[in-house]
Structures are given as C-alpha cells and as structure tokens.
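Here the structure comes first, spelled out in structure tokens, and everything after it is commentary.
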2 protein chains.
Amino acid sequence: MDVRVLLVEDEKRLADLVKGGLTGEGFAVDVAYDGRDGLWMAKENDYDVIVLDVMLPRLNGYAICSKLREAGNWTPIMMLTAKDGVYDEAEALDNGADDYLAKPFSYVVLLARLRALVRRGGKERPVSLTVGDLTIDPAGLRCRRGETEIALTPKEFAVLHGLARRPGEVVSKSELLAQAWDFSYEGDPNIVEVYISALRRKIDLPFGRTTLVTVRGAGYRLEAA
Amino acid sequence: MDVRVLLVEDEKRLADLVKGGLTGEGFAVDVAYDGRDGLWMAKENDYDVIVLDVMLPRLNGYAICSKLREAGNWTPIMMLTAKDGVYDEAEALDNGADDYLAKPFSYVVLLARLRALVRRGGKERPVSLTVGDLTIDPAGLRCRRGETEIALTPKEFAVLHGLARRPGEVVSKSELLAQAWDFSYEGDPNIVEVYISALRRKIDLPFGRTTLVTVRGAGYRLEAA
DNA sequence: AAACGATCTTCAGGTTGGCTTTAGGTGGCG
DNA sequence: CGCCACCTAAAGCCAACCTGAAGATCGTTT
C-alpha cells in the first residue's frame, strides 16, 4: 500500500530531487512539469496527496487547487509558495489547500508535513461555508461578512462553524459543546452562551443584523436572512 | 448501471453539445426542449439527476423545480442560471435545486458537479411537514403559513408537530400530552387547551382560517383546507 | 525567568420569556 | 335549563439566557 503522490513542479532539478527522496521513502511519485498537465493528471488518477508549486507555467498552483476543489476533488494538497509572507499563506489556504510550505524548504520538513497530511486524510470538506453574506473559511480561523474580514479566536470559530454547518437549523447547546469542546467536557455549559455573546458582538452587532438567533429551550440558529 | 440524466434546455445547439459530451462519459441523456415537456418527462421517468435551464419556453426552470419537489420528487437538480442579473443563484437553491451553474459554464465543471451531485444523491429529503399552506420545519423549529413566518415557542411547536404528523386525523389530548410533555406528566391536562388556544391565535386567526378544529370529546384535528 | 498578551473559563447579577395554573366565560348537548 | 367540555386572559414562577468582569491557562516575547 504505497502512498501515491503527485508532484507538480516546473524546476526540473528540484522536482527530480524531491521525487528521488520521496521514492526512497516508499512513496509512488508522479511528476508534472506544468500546471495544465498537473491538473489533468490530478483528475485522471487518484492520489493520496498532491504537492503543488505556486508558480507554474500555463496554470498556476492556486488555479489548479480551486479547480480541483470545484470539481469535488478533496485530495490533500500541499502548496509550495515561492515568497515567504502572510499573504501567500492566506491565499493558499483560501484556495482550498490543506497545508503550505515556503520555499526554500528543508526536505525533512516536507517529508514530515506530507506524512501528516496523508495521515489526516482528505476528508471531504468544503472550501468554505456560506450563510447569506457570511462566509466561513474552515482552513483558517477567519470569516467575512460581505467584504469585511472578521477576526475570530479558535473557539469562536469552532462554535460558528458548528452553527454554519447547518444553516437555518437549530443547533443545541450540547451539540455545540460536543463539537467545539472535547466530547466529554465537564465544565459549565454557560460557556456556550459566553461564546454566542462574543460571536454576536462580532458578526451581528457591527452590521446591525441578528442572524444568530436564540431559540429558547432548544439552542441557537444561524440564519441567512 | 448508467447514470440517467434529463437535460431540459431550449438552446438546441447547447443541448446537443452537452448531450454529446455526457453521452461520451457514459451518461444516458434525455433532452427536453421546453419546460412543459421537461416536467412531464421528469415525472414519467426516474432519473438520477436533472439539469434544468432557468429560462425555458412554456414553463421556467424554477417552476419545474418547485413542482417536482411539491410532487415529492427529490431527484438531484442542477440549475443553469443565465447571468443576466434577473435570476440569481440563491433563488435557484431556494426553489429546491441542489446545485447551480452560471452560464456560460465550462463543460468540465458541469461534468464534475454532475458527478458530485449523483454521488451525494442530492439533498436529503427535508423532514419538513406540510398541511395545506402550513409548513413545519422540525430541524429549525420554525413554521410558515404561506410566505409568512410564524414564531412559535418550543412547546407550541411540539403540539403543532404532533397534530401535523397526522393531518386530517383526530389526535387526542392525551396523545398530545404524551408527545409534547414528558411521558408521565402529572399536571393539569388543561394545558393542552391553553396551547391549542395559543396556536390558533398564531396560525389561524391572523389568516382568517380555522384549520385547527376541536372534536368535542375526542381531541383536535389539523386540516389542510 | 519573568512579563505580557491573548484566549479560555468561571462566576454572579440581572433580565427575559416561556410554562403552568387559575378562574371566569362560552357554547354544545342532553 | 343545567352539565360538562372547552376556551382564553391573566399572572406568578422559575429556568434559561445574557453579559461584564475576574481568574486561569497558554504561548510568546523580552
């Protein structure tokens, strides 16, 4: 049971190096030297993980990534970003990548991250959730109301995510607890209320909306309207 | 086991193109060139997925979609929305479509999305109940009379739900008690009357209706008329 | 190591709104 | 006419909920 890897990288020297290394580690590696070939191969075959350079001839890494996700392909993707910067990371994850690595990278780090990615598996998950004009990006701890970016803490995000996965439906406090906290959380359920309060202050109040609704005795509901 | 597709599209050139492409991919494609034929074929045959253009002669895509859903047909539907601003995606999904694609679309994308739709088997049949123009959504603890949303408390909802599950039938007070309250409720059975009263004030009175009928000595009945 | 900032969690006071009971009223039915 | 089932407005009670603030925890910086 080999791990099948697709490597899309135009620098032939680097591509060969990585391929050699990974092959030695027991990976089955295919290489594509430009974006369009890479996209085609990714669609044609079933890989366990895809390594994508960002800057590629004919079709860049971001585009490949979004196109795959759009096509319902949720193979784990690692992006190799040329420039080191926050902007690149954000863009990579925005486009549906699962992890990224800034060039130049150490081979050992690549290997470790790849293994982590494969282990995590490519569970099917949407690139982003949308509830009305609220978009939630599960890859990063961020969300946007229209064009306005909203910073969320990890827990706030977890709660919002739990609600957004079932828009318009009532999600009970205990469901939120089970999802955003450990399964067997022993603490005060009031904590959910605290986070609901914080979320409202961020996603509703500044916009004069009330999309996060309390359903007394039942739970909370996130509405599109 | 072919995948059976119904394509409802009046632009003959486009229809033939798509049909050709999909046939080549192993789909069994039927084409209808106007809305009424499309609806008829959708009802007559059992398709795995239906592709609906929005703007169609004789009966538009939205109408076909709602009519099918009304008739209890939950075949996955993909809507093709012309991007002229009159119709938008949200409307497509509101009408019960499972996915939409804005024209002009790439054939590859259409193919991928269709496959995803078929794989998922479409939206789960909503569990909402309908009694005449009254719809009850247990997942969201909401109910509507026509387009008007009605706010209900959990107990009110529980009672209404108990009635709506058996539309037109008499449901006894003790059945309602057993269902909406704990099995062994020790309180005053008059409470049911109180809630019936509250419900009437919300779902009948404002609409000049009397759908929630008392059957003296037997219980209550929720009527479609 | 110490200090710091951010986040998480707990706590407590205040408020609200739904649940239930009560009680007087209505109307069907013998 | 009187009984009984049902209707419904009103009010008290209590649990659920909101929220500001303080304490606890964790990771990062100095």
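Excluded from the calculations below are hydrogen atoms, water molecules and symmetry mates; all remaining heavy atoms, backbone and side chain alike, are included.
- Nucleotide D:dC7 holds its C1' atom 12 Å from the CG atom of B:Leu205, rounded to whole Å.
- Counting to the nearest Å, the P atom of D:dT8 and the CG atom of B:Leu199 are 11 Å from each other.
- The closest donor-acceptor contact from the side chain of B:Glu169 to the backbone of B:Arg166 lies at 3.5 Å or more, if one exists at all.
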For nucleotides 18-22 of chain D, give me every protein contact, N/O to N/O, under 3.5 Å, one pair per line with atom names.
unit_1	atom_1	unit_2	atom_2	d
D:dC18	OP1	A:Arg200	NH2	2.3
D:dC18	OP1	A:Thr214	OG1	2.5
D:dC18	OP2	A:Tyr220	OH	2.7
D:dT19	OP2	A:Ser197	OG	3.3
D:dT19	O4	A:Asn190	OD1	3.3
D:dT19	O4	A:Asn190	ND2	3.4

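- For the pair A:Trp181 and C:dT9, the criterion of a side-chain N or O lying under 4.0 Å from OP1 or OP2 is met.
- When the C1' atom of C:dG17 is taken as reference, atom CG of B:Leu152 falls 15 Å away, rounded to whole Å.
- With A:Asp48 contributing its side chain and A:Arg4 its backbone, the two residues share a donor-acceptor pair below 3.5 Å.
- Using a distance-only test at 3.5 Å, with no hydrogens or angles considered, no donor-acceptor pair links the side chain of B:Ser197 to the main chain of B:Glu193.
- Put simply, the residue from A:Ile50, A:Val49, A:Val51, A:Leu6 that forms a side chain to side chain contact (heavy atoms under 4.5 Å, CB included) with A:Ile77 is A:Ile50.
- Look at CG on B:Asp204: it is 15 Å from C1' on D:dT8, rounded to the nearest Å.
- Across C:dT20, C:dC8, C:dT10, the shortest atom-to-atom separation from the side chain of A:Lys155 is found for C:dC8.
- In this structure, A:Ile191 atom CD1 and D:dG23 atom C1' are separated by 13 Å, rounded to whole Å.
- The distance from atom CG of A:Leu177 to atom C1' of C:dT9 is 12 Å, rounded to the nearest whole Å.
- By the salt bridge (charged side-chain N to carboxylate O under 4.0 Å, His left out) test, B:Arg200 is found to be paired with no residue, residues two or more places apart in sequence or in another chain being considered.
- Defined by atom type and a distance below 3.5 Å, a donor-acceptor pair is missing between the side-chain atoms of B:Thr210 and B:Asp204.
- If you measure from atom CG of B:Leu176 to atom C1' of C:dC19, you get 17 Å, rounded to the nearest angstrom.
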